[in-house]
Number of protein chains: 2
Amino acid sequence: MGETVRWLTPEEQHAWRSFVRLHEKLWGRLSRLIQAESKLSAADFAVLVNLTDVPEGRQRYQDLARALEWEKSRMSHHIARMAGRGLVVREECPDDGRGAFVVITEAGRAAIEAAAPLHVEAVRELFLDHVTPAELRVLADISERVVRKLDESVS
Amino acid sequence: MGETVRWLTPEEQHAWRSFVRLHEKLWGRLSRLIQAESKLSAADFAVLVNLTDVPEGRQRYQDLARALEWEKSRMSHHIARMAGRGLVVREECPDDGRGAFVVITEAGRAAIEAAAPLHVEAVRELFLDHVTPAELRVLADISERVVRKLDESVS
DNA sequence: TAAACATGGTTGACATCTCATCGAACTGCG
DNA sequence: CGCAGTTCGATGAGATGTCAACCATGTTTA
């Protein structure tokens, strides 16, 4: 109690508000587009993208959860559903009896490859087309730095 | 069919990926923090912020939905729940027999005022502290421009 | 080695969101 | 007026996400 709050300056206030609105609108629009035009939800898409980035398309639940900033239970439920649709399989981990891998299947790769062009087009139309290369560099810098900080303070 | 896709350049690819990861991590973290420390979910918070921005804390469902990029049914469900907790009330619209207003209550204002310092502190620690004023200006510019474009293309 | 603790993932109950559909009220046009 | 089309919000069913246990395995410590 009695803590003094470091309130936001008008500039900070303004920037943060704008950024939040960008977030709300851009992600709302984008995930509805993806969902409507492919048979993947935004969540499916995020999982599959992560798996294609990783050797053999195989990753531990834990690591995937950390990368996406998901609860482990959400991961568990979601992977079970995706496995049911044949997009991924669950695989036991020989080194650690508790652990398990998520592995992307051929169908999973096919699904994301089918969705990709659409997704790219949407990203362009909704976002990239309205941003200059210089701005994009600034944005990338900010993003990397903040993500690094967030990862450090795993708390 | 046969459409050629404008794929992303490596720079675009990189920037977009970083931005997406920022989104995933920052919002994941932030909404868990808000939820944990106040009795408001991120969704509640967004609604209340919008209502405090608007004259008399009163806004049409439709307008609120548009501002947050929510489905109208989500709005309906969510407002019903918030009304149940006394944060807002539903009010008939005299001009349009179908329509209705959402109005923030005293309890709603109290709730968001209680949550605000905490939220501000989190926003600082997780984001603002790692971004320079110049970068912040660029970010605000980008955000405003893209939001404007998104609003124009209501499709 | 055995007891305590930590970790990785699962489960079930419940909250929340989406989708399709509805009914009531407005709008436009013959 | 009278009908067709549209808009606003509500509703219910099913998909998805969260929270709080839980179990099985690993790890530490005495």
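Any value given below was found using the heavy atoms of this structure, including those in side chains, with hydrogens, waters and symmetry copies removed.
Checking the phosphate oxygens (OP1, OP2) of D/dA10, a side-chain nitrogen or oxygen of B/S76 falls inside 4.0 Å. For the OP1/OP2 pair of C/dT16 and a distance below 4.0 Å, the side-chain nitrogens and oxygens of B/H78 include no atom meeting the criterion. In this structure, A/R32 does not reach the C/dC19 phosphate: none of its side-chain N or O atoms is under 4.0 Å from OP1 or OP2.
Protein atom CE of A/M82 is 15 Å distant from nucleotide atom P of C/dT10, rounded to whole Å. If you measure from atom CG of A/L68 to atom P of D/dG17, you get 11 Å, rounded to the nearest angstrom. Atom CG in A/D95 sits roughly 13 Å away from atom C1' in D/dT25 (whole-Å rounding). D/dG26 atom P lies 15 Å from atom CD of A/Q62, rounded to whole Å. Here D/dT18 presents its P atom at 14 Å from CG of B/D44, a figure rounded to the nearest Å. If you measure from atom CD of A/Q35 to atom P of D/dA15, you get 12 Å, rounded to the nearest angstrom. B/R74 has its CZ atom 15 Å from the P atom of D/dT16, to the nearest Å. Straight-line distance from the CD1 atom of A/I79 to the C1' atom of D/dG17: 14 Å, rounded to whole Å.
A side-chain N or O of B/E144 and one of A/H14 form a donor-acceptor pair less than 3.5 Å apart.
Ring geometry, A/H23 versus B/H23: the interplanar angle falls from 30° to 60°, so the pair is classed tilted.
Closest to the side chain of A/R90, from the set C/dC17, C/dT10, D/dT11, is C/dT10. In the set D/dA10, C/dG8, C/dT10, the nucleotide with an atom closest to the side chain of A/Y61 is C/dT10. Relative to the side chain of A/R81, the nucleotides C/dT16, C/dG9, D/dT16 differ in distance, and D/dT16 lies closest. Distance from the side chain of A/H77 is smallest to C/dA13 among C/dA13, C/dT16, D/dG9.
A/E135 has a carboxylate O that lies under 4.0 Å from a charged side-chain N of B/R145, or vice versa, which qualifies the two as a salt bridge. Salt-bridge check for B/D151 with B/R148: failed, with every basic side-chain N at 4.0 Å or more from each acidic carboxylate O.
Between A/P94 and A/W70, the residue whose closest nucleotide on DNA chain D is further toward the 5' end is A/W70. The nearest heavy atom of DNA chain C to A/D63 and to B/R98 marks one nucleotide each, and the one closer to the 5' end goes with A/D63.
In this structure, CD1 in A/I104 is found 6.0 Å from CD1 in A/I112, a value given to the nearest 0.5 Å.
In terms of polar N and O atoms assigned as donor or acceptor, the side chain of B/S73 comes within less than 3.5 Å of the base of C/dC19 in a complementary pairing.
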